[in-house]
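Everything on this sheet refers to the single structure shown next.
Both counts, for ligands and for their atoms, begin at 1 and track the order of listing. One is the number of the first residue; the rest follow in order along the sequence.
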Amino acid sequence: MNRRTFLKTASLAGASAAVLSETVKAGASLSSVGRQASDVRQPMILSTWDFKLPVNQTASRTLQEGGTLLDAVEKAIKIVEEDPRITSVGYGGYPDRDGHVTLDACMMDERGNAGSVVFLEHIMHPISVARLVMEKTPHVMLAGVGALQFALAQGFHKEDLLTEEAKKAYAEWLKKSNYLPPINEQNHDTIGLVAMDASGNLAGGCSTSGAAWKMRGRVGDSPLIGAGLYVDNEIGAATSSGLGEAVIKVAGSFLVVELMRNGKSPAEACRLAIERIIQKQPKYKDVQDFLVGFIAIDKQGEVGAFSYRKGFQYSLLRDGVNNVIDAEYVMK
Ligand code: GLY
């Protein structure tokens with residue numbers, strides 16, 4: 001089920017998705033309004049796309065119930081990972097060109113700690129494994145069989161993550177086996193989430209099954225600290241979605257945070273990072289439906305986003321209200 005079909009089905013089924021959040025048009029002032037330093041801080045949660053799931057709400061509730069930032073990030077992302085209808089993250093994710101579901105995820109906390117897993121198979125919650133890599137090992141990243149071995153040693157169980165729906169889509173893809181599928185509004189990818197707690201501390205996480213029909217072993221931006229996610233508790237946090245190869249080449253999320261360090265607003269920083277990708281790699285302009293989007297939050301609680309192409313959305317929970325916002329973009 002692609003995103004469009006899923007949305008239609010959810011709505012026909014009378015799912016409560018529509019009441020989870022409001023949608024706000026591109027350029028709405030929401031994306032550029034910050035809080036006053038004197039404001040009493042409430043949790044702020046910013047995440048990529050609108051998965052029609054209570055992602056931000058779960059993170060916010062976790063914080064309000066006394067959970068840590070990492071608890072909030074992990075619990076929220078797990079909801080997307082375990083939903084078989086989401087074909088670009090976790091269980092139900094579309095497989096690689098050899099028919100294997102391989103997952104990538106990372107986390108970063110307010111102290112600059114980081115954990116990541118790449119090319120992980122058979123584990124429903126890569127975000128939880130990434131957290132344990134951070135908390136229980138001297139390393140940042142574990143890959144492939146090593147990541148799986150670590151997960152099993154930590155008590156995770158092997159599961160078959162290839163759903164019937166994903167098998168059907170794979171069989172359909174095999175008929176033509178076109179490589180380099182676009183990552184776009186229909187085949188969108190990462191759940192990237194950054195959270196600010198009541199003390200103004202920041203953390204984030206990212207999880208994906210990566211590009212559908214990718215080469216076996218391919219890893220995108222999402223589990224790479226500095227590419228798919230970066231958190232600097234003094235400055236802000238950023239995360240990305242879209243074609244990972246393009247994001248990696250400019251260390252995209254790190255770039256957004258560094259631009260904020262140099263005085264840019266989150267929205268400006270995201271826009272400049274998109275422009276940097278196009279300036280350095282103009283060939284992406286010719287890739288059909290090419291999409292990369294960034295979202296960012298700064299230490300003052302101002303948020304922003306920018307996308308190469310129309311269609312990228314993000315979800316912002318602020319003052320207890322979740323809004324889905326159409327990001328501004330370069331190309332229609
Ligand atoms: N942005 C996810 C990926 O390219 O794998």
Side-chain angles (χ1 to χ4, degrees), residues 2-3 46-51 55 77 80-81 86-98 100-108 116-121 126-127 130 141 143-144 147 161 166 173 179-194 204-230 237-256 270 273-274 277 281 283-284 287-296 305-309 311-314 327:
N2 66 28
R3 175 172 178 270
L46 179 65
S47 59
T48 52
W49 300 104
D50 174 15
F51 288 96
V55 176
I77 289 178
V80 186
E81 289 179 336
I86 310 299
T87 58
S88 51
V89 179
Y91 177 50
Y94 284 167
D96 64 19
R97 63 202 305 183
D98 296 345
H100 304 279
V101 179
T102 71
L103 306 176
D104 303 326
C106 75
M107 262 198 167
M108 202 166 177
S116 162
V117 287
V118 304
F119 193 49
L120 175 63
E121 295 181 75
I127 194 70
M141 183 180 288
L161 302 179
W173 175 77
Y179 189 51
L180 206 62
I183 289 177
N184 58 31
E185 196 185 353
Q186 279 75 48
N187 171 27
H188 72 67
D189 62 348
T190 317
I191 168 70
L193 182 145
V194 290
C206 215
S207 182
T208 188
S209 52
W213 336 131
K214 61 195 172 187
M215 285 178 72
R216 184 140 175 81
R218 180 266 189 191
V219 171
D221 58 321
S222 303
L224 304 184
I225 300 298
L229 175 75
Y230 198 70
T239 185
S240 60
S241 185
L243 189 65
E245 283 76 2
V247 177
I248 293 170
K249 286 172 190 165
V250 298
S253 292
F254 181 72
L255 174 60
V256 171
C270 291
I274 294 289
I277 289 173
Q281 300 277 317
K283 66 177 184 192
Y284 284 124
V287 175
Q288 194 195 359
D289 290 344
F290 165 70
L291 188 148
V292 165
F294 291 102
I295 59 175
F306 208 82
S307 171
Y308 179 68
R309 187 175 297 282
F312 179 54
Q313 293 185 307
Y314 62 104

Subject >> Results of side-chain contact (heavy atoms from CB on, under 4.5 Å) for S222 - residues two or more places apart only >> reply: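 Once residues adjacent in sequence are excluded, the partners of S222 under the side-chain contact (heavy atoms from CB on, under 4.5 Å) criterion are T190, C206, T208.
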**OP:** Quick one: list whatever passes side-chain contact (heavy atoms from CB on, under 4.5 Å) with I248, sequence neighbours left out.
**Re:**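 So I248 forms a side-chain contact (heavy atoms from CB on, under 4.5 Å) with D221, L224, A227.
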Taking only heavy atoms of [X], which atoms of ligand 1 are found under 4.0 Å from at least one of them?
{"X": "S222", "result": "1 (N), 2 (C)"}
{"X": "G220", "result": "5 (O)"}
{"X": "D221", "result": "1 (N), 2 (C), 3 (C), 4 (O)"}
{"X": "T190", "result": "1 (N), 2 (C)"}
{"X": "G242", "result": "1 (N), 2 (C), 3 (C), 4 (O)"}

Subject >> Sidechain-backbone polar pair: T239 side chain, G228 backbone, donor-acceptor under 3.5 Å >> reply: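 Side chain of T239 to backbone of G228: a pair is present.
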Original post:
Is a side-chain N or O of S116 found less than 3.5 angstrom from the main chain of P223, in a donor-acceptor match?
Top reply: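 At least one qualifying donor-acceptor pair exists.
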Hey, what do you get for [atom1] ([X]) to [atom2] ([Y]), rounding to the nearest 0.5 Å?
{"X": "I277", "Y": "Y308", "atom1": "CD1", "atom2": "OH", "result": "10.5 Å"}
{"X": "Y284", "Y": "K249", "atom1": "OH", "atom2": "NZ", "result": "2.5 Å"}
{"X": "S307", "Y": "Q313", "atom1": "OG", "atom2": "CD", "result": "10.5 Å"}

Checking the N or O distance criterion of under 3.5 Å, is ligand 1 in contact with [X]?
{"X": "G210", "value": "no"}
{"X": "R218", "value": "yes"}
{"X": "E245", "value": "no"}
{"X": "G244", "value": "yes"}

